[in-house]
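Naming convention: chains lettered A, B, ... in sequence-line order (proteins, then strands); numbering from 1 in each chain.
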Amino acid sequence: MSEKIVLIDGHSILNRAFYGLPDLTNAEGLHTNAIYGFLTILFKTLEEENAQYLTVAFDEHAPTFRHNMYEAYKGTRKPMPQELREQVPIIRDVLEAMGVTIVSREGYEADDILGTLARKGEAAGMEVTVLSGDRDLLQLATEHVKIRIPKTRGGKTTVEDYDGRGVLEAYQLTPPQIIELKALMGDSSDNIPGIPGVGEKTATKILLEYGTIENAYAHVEEIKPNKAKESLKEHYDLAKLSKELATICTDCPLDYSFEEARLKDLFTQEAYEWFKELEFKNLLNRFENTSSKNKAEEHFQRVTDLSQADAFLSKAKKADRAGVHLLLEKGEVLGLGVALGEKEKIEAAFFPVEGFLTERYLLEQLEGICRGAGQTASLNVKEMLSRIQIEEHSRMFDGGIAAYLLNPLKSAYTYDDIAKEYLGLMVPAREDLLGKVSYKKGLEEKEEEVTVSCCYMAYVALAGIEPLTKALEETGMLSLFREMEMPLLFTLHDMEAAGIQVEGEELKEYGSRLEVRIKELESIIYQKAGEEFNINSPKQLGVILFEKMQLPGGKKTKTGYSTAADVLDKLAPDHSVVADILEYRQLTKLKSTYADGLANYIGEDGRIHSNFNQTITATGRISSTEPNLQNIPVRMELGRLIRKVFVPREGCIFLDADYSQIELRVLAHMSGDEKLIQAYSEAQDIHRMTASQVFHVPFDQVTDLQRRNAKAVNFGIVYGISSFGLSQDLSITRKEAAQYIENYFETYPKIKGFLDGLVKQGKEQGYVTTLFGRRRPVPELKSSNFMQRSFGERVAMNAPIQGTAADIIKIAMIRVNEALKERKLETKLILQVHDELLLEVYEEELEEVSRILEKEMKQAADLAVSLEIDMHTGRNWYEAK
DNA sequence: TCAATCACG
DNA sequence: ACGTACGTGATTGAT
């Protein structure tokens, strides 16, 4: 069998990968999607081709011989976006690290190098595979030279293969004729001029008839479409030039030997370091020797023996530092991981719930560690609190929260991620070890893997203390971590544990009432539409409304017609069926998400215990899940009624307090704008005051419209103002919106400077900060894409405001919760909705609690404007708001 | 698993 | 010129 060589068109494949794959960055913000895609295609090709030789060709920046022939050549080519450009030198380094031969030569393009090597290989009796995204290469195809063109669509890559025969089948032309084809039809991306008025169809027809451009010209009078005949007559010289330009050089002077290009082991130590740096975890699996095991794993053990467990755990209780992980799944305790020691000498043990190691025993031991060890670290302290009590809050260290503060943009803070980022260690993720198998199942089938995974969690928690603390210190977030986020974790746990009582029966009734009307609407809609269809399917609904019923309103989404509420709102007055659909949507939303949805979460205690997540949002807010209690309807009366089923327990009453325009007040403070600060000290109604000042009318003569507009501008400012956004919101022209904004900035001169400053800061530092030092990275500001960059600008303006407001209510929550405990009050904080706190108050405590709540909320931060709250009591959440 | 929709601040 | 308001989570239908 003859040997085989794979030749790769470097830039072309990099390009394909870049545009075919979603954006991807590593911890340093380096874009990596093109590199990743390139390597994936490379490995896949090598696997499939089973080749002995490999060479990658790159273009050089310098002009090529083609430029000398034709000055416009590649003259107007679009510049490479920065996100791609920065990846070019990296892929060359990575390939070098893998020992791959790279060829490039000034004066020639990669195509020419590939052409030359392909012919050389063929001459040496090899099979040649050329990998490129560029169809120009097809001219090289022969019996022994195969062109592979990968296509990436939506992350999936398919490859088209062409040998000489394949080209003929696909194009009806021989490979050399591909040159003629390109010369005739031109190629705008390469600035090959081509013949005006001749496209692929005509060009192919001409070539089928006459073979070459020269022969066609010899018979030019016979050429059929008159347009093509005249064009070829007139532009024959151009065609000949194009042909030369399009012809790939197959005899470039190259200093090249096949022996050097012989494939060796690609997975070198150097390459391993690169992949680690680039965070190509999937690719790292290919390293057999290097990745086999971390040294750490040599000190992992599974312990089931009681005396052995006792020995290890009593050491833990006396340790300066311990790392722990309570293995919980669906509320069931499956085991405990504990790590002890320092640096290379860390040892970790996994104790499954089994035999003498009962759940109770392990929980007691865990409590003992948290009490005894100088510092106890875990990647999820809050989760442990559902099973154990911790008195000394300040001894705990939550590595997950620390990692979140350091980069709040990540979707998860898993042990393998934290290990990679802060310990410089590649460790197998839960998924790598167990795949989709649950820990519970894993305990039976994959004992070893569960042990490793759980030990790593304890290990990373422990080993992470130092680097994470250092990083927090360096970023100025250590006190934010220690004094806000760590204490908050305990407050959130208390809220989760408290839960909120929900009247199941009444919720059911509410659902039934909705159901009646839903059924009515359903038949009315079917009748008006003239057929039955799934009203909940935007796709089907779009067809019914905009095709069958011919309602005005074109496409909007990428998949078809938009049927979103703001589109339908405009149609509703003229088409009763649209109004019915809107009502139907509203009711089914209420039923499925709230009536039925919430009912599923009512526990045996008659209460709903939502999760309050502390490490989700980019700005520092908390989020609520399973169920989300932060989006219970309130704006529409019908939905608001749901709040009547949220009730306080026997002997209690609800006390609800929400901050009045906290974000605008934060803006006033942070910007230092005297006029806005003054406005707050004078007026109850800030929107009216804004309207009065912006539109230059006396306060008490502000019209409703003016007030509404001013309110929208206020919102817009907080969101990172844009005239487009405001114009959409107010249904006015962009020009008018721009005028409003200009007036606003004139009225409050420091606001503009402040917002511009935030954007500038974001650009310079790569992040923006809240009043309390919380950071939000804004990588989008560096994007070459206008839309993304604009988004980054809005984010830079919004995050410090939204984030500072989030900080403030967090402080209030911690203090309220602590005050309640200190005074031995039974009242509990049960919900937070961004600017609102809901407390379940024992009636006899109401007066005292009201005072505490008001004081702690108002004094949570000392701003240039006062913090004001609205406070209400009620027998249910509906009444208390 | 993703896109569309809609509930909240 | 580009085409958008900021931050979330749950449900549904389509792939």
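- Remark: P of C:dT11 and CG of A:L541 are 21 Å apart, rounded to the nearest angstrom.
- If you check every strand for non-hydrogen atoms under 4.0 Å, A:G716 touches a base.
- Out of C:dT15, C:dT4, C:dG13, the shortest distance to the side chain of A:M787 is found at C:dT4.
- One finds a salt bridge joining A:E663 and A:R621 here, because a Lys/Arg side-chain nitrogen approaches an Asp/Glu carboxylate oxygen to under 4.0 Å.
- Looking at heavy-atom distances under 4.0 Å, A:A712 makes contact with a base.
- In terms of phosphate contacts, A:S562 brings a side-chain nitrogen or oxygen within less than 4.0 Å of OP1 or OP2 of B:dT5.
- Here the side chain of A:F724 is nearest to one of C:dG7, C:dT4, C:dG3, namely C:dT4.
- Remark: the separation of the P atoms in B:dA3 and C:dT4 is 15 Å, to the nearest Å.
- The shortest heavy-atom contact between A:S610 and A:P627 is OG-O, 2.8 Å.
- Using a 4.0 Å heavy-atom distance criterion, A:D658 is classed as making no nucleic acid contact.
- Residue-level contact check: A:A806 touches neither bases nor backbone, having no heavy atom under 4.0 Å from any strand.
- For C:dT4, the OP1/OP2 oxygens have no side-chain nitrogen or oxygen of A:R794 closer than 4.0 Å.
- The CG-C1' distance, from A:D656 to B:dG9, rounds to 13 Å in whole Å.
- Residue A:T563 places at least one side-chain N or O under 4.0 Å from the OP1 or OP2 atom of B:dT5.
- Contacts between residues 611-636 of chain A and DNA chain B, defined by a heavy-atom separation below 4.0 Å, involve A:R621, A:Q630, A:N631, A:I632, A:P633, A:V634, A:R635, listed by number.
- The separation between A:D729 atom CG and C:dC6 atom P is 12 Å, rounded to whole Å.
- Contact annotation: the side chain of A:N743 never approaches that of A:V713 to less than 4.5 Å [non-hydrogen atoms, C-beta and beyond].
- Classification of A:K752 and A:D756 as a salt-bridged pair holds, one side-chain N sitting under 4.0 Å from a carboxylate O.
- Contact between the side-chain N/O atoms of A:K591 and the OP1/OP2 oxygens of C:dT11 is not found at any separation under 4.0 Å.
- C:dC2 and B:dC6 are spaced 28 Å apart, taking the C1' atom of each and rounding to whole Å.
- Looking at heavy-atom distances under 4.0 Å, A:V833 makes contact with sugar-phosphate atoms alone, never a base.
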Handout entry: ring-ring contact (aromatic ring centres under 6.0 Å, His included) assessment of A:Y748 paired with A:Y744
Key = CA-CA 6 Å; A:Y748 306 114; A:Y744 184 94; 4.9 Å; yes
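- Among C:dT12, B:dG9, C:dT4, the nucleotide with an atom closest to any side-chain atom of A:Q802 is B:dG9.
- A donor-acceptor distance shorter than 3.5 angstrom exists from the side chain of A:E496 to the backbone of A:F612, with no hydrogens or angles considered.
- Residue A:P408 is the one, among A:Q540 and A:P408, whose nearest nucleotide of DNA chain C lies closer to the 5' end (criterion: closest heavy atom).
- Within the structure, every side-chain polar atom (N or O) of A:T593 is placed at least 4.0 Å from both OP1 and OP2 of B:dC6.
- Atom C1' of nucleotide B:dA4 and atom CG of A:D566 are separated by 12 Å, given to the nearest angstrom.
- The shortest distance between the side-chain N/O atoms of A:R776 and the OP1/OP2 oxygens of C:dG7 is below 4.0 Å.
- Put simply, NZ on A:K711 is 11 Å from P on B:dG9, counting in whole angstrom units.
- Rounded to a whole Å, the CG atom of A:L590 is 17 Å from the P atom of C:dA10.
- A:D729 approaches A:A712 most closely through the heavy-atom pair OD2-CB, 3.6 Å.
- In DNA chain C, runs of at least 3 stacked Watson-Crick or G-U pairs (N1-N3 plus N6-O4 or O6-N4, or N1-O2 plus O6-N3, all under 3.5 Å) give these stems: B:1-9 with C:6-14.
- Using a 4.0 Å cut-off between charged side-chain N and carboxylate O, A:K782 and A:E83 make no salt bridge.
- The aromatic rings of A:F715 and A:H687 lie parallel to each other, with less than 30° between the two planes, well short of the 60° mark.
- Picking from B:dG9, B:dT5, B:dA7 the nucleotide with the shortest atom distance to the side chain of A:R585 gives B:dT5.
- A straight line from CG of A:L641 to P of B:dA7 spans 14 Å, rounded to a whole angstrom.
- Checked for salt-bridge contact, A:R794 and A:E780 miss the test: no charged N lies under 4.0 Å from a carboxylate O.
- The listed nucleotides are C:dT12, C:dG7, C:dG3; the one nearest the side chain of A:N798 is C:dG7.
- Using a 4.0 Å cut-off between charged side-chain N and carboxylate O, A:E793 and A:K763 make a salt bridge.
- In this structure, the nucleotide among B:dG9, C:dC6, B:dT5 sitting nearest to the side chain of A:V795 is C:dC6.
- For the pair A:F791 CZ and C:dG7 C1', the computed distance is 10 Å after rounding to whole Å.
- Straight-line distance between the P atoms of B:dA4 and C:dG3: roughly 16 Å, to the nearest whole Å.
- The shortest heavy-atom contact between A:F772 and A:L480 is O-CD1, 3.7 Å.
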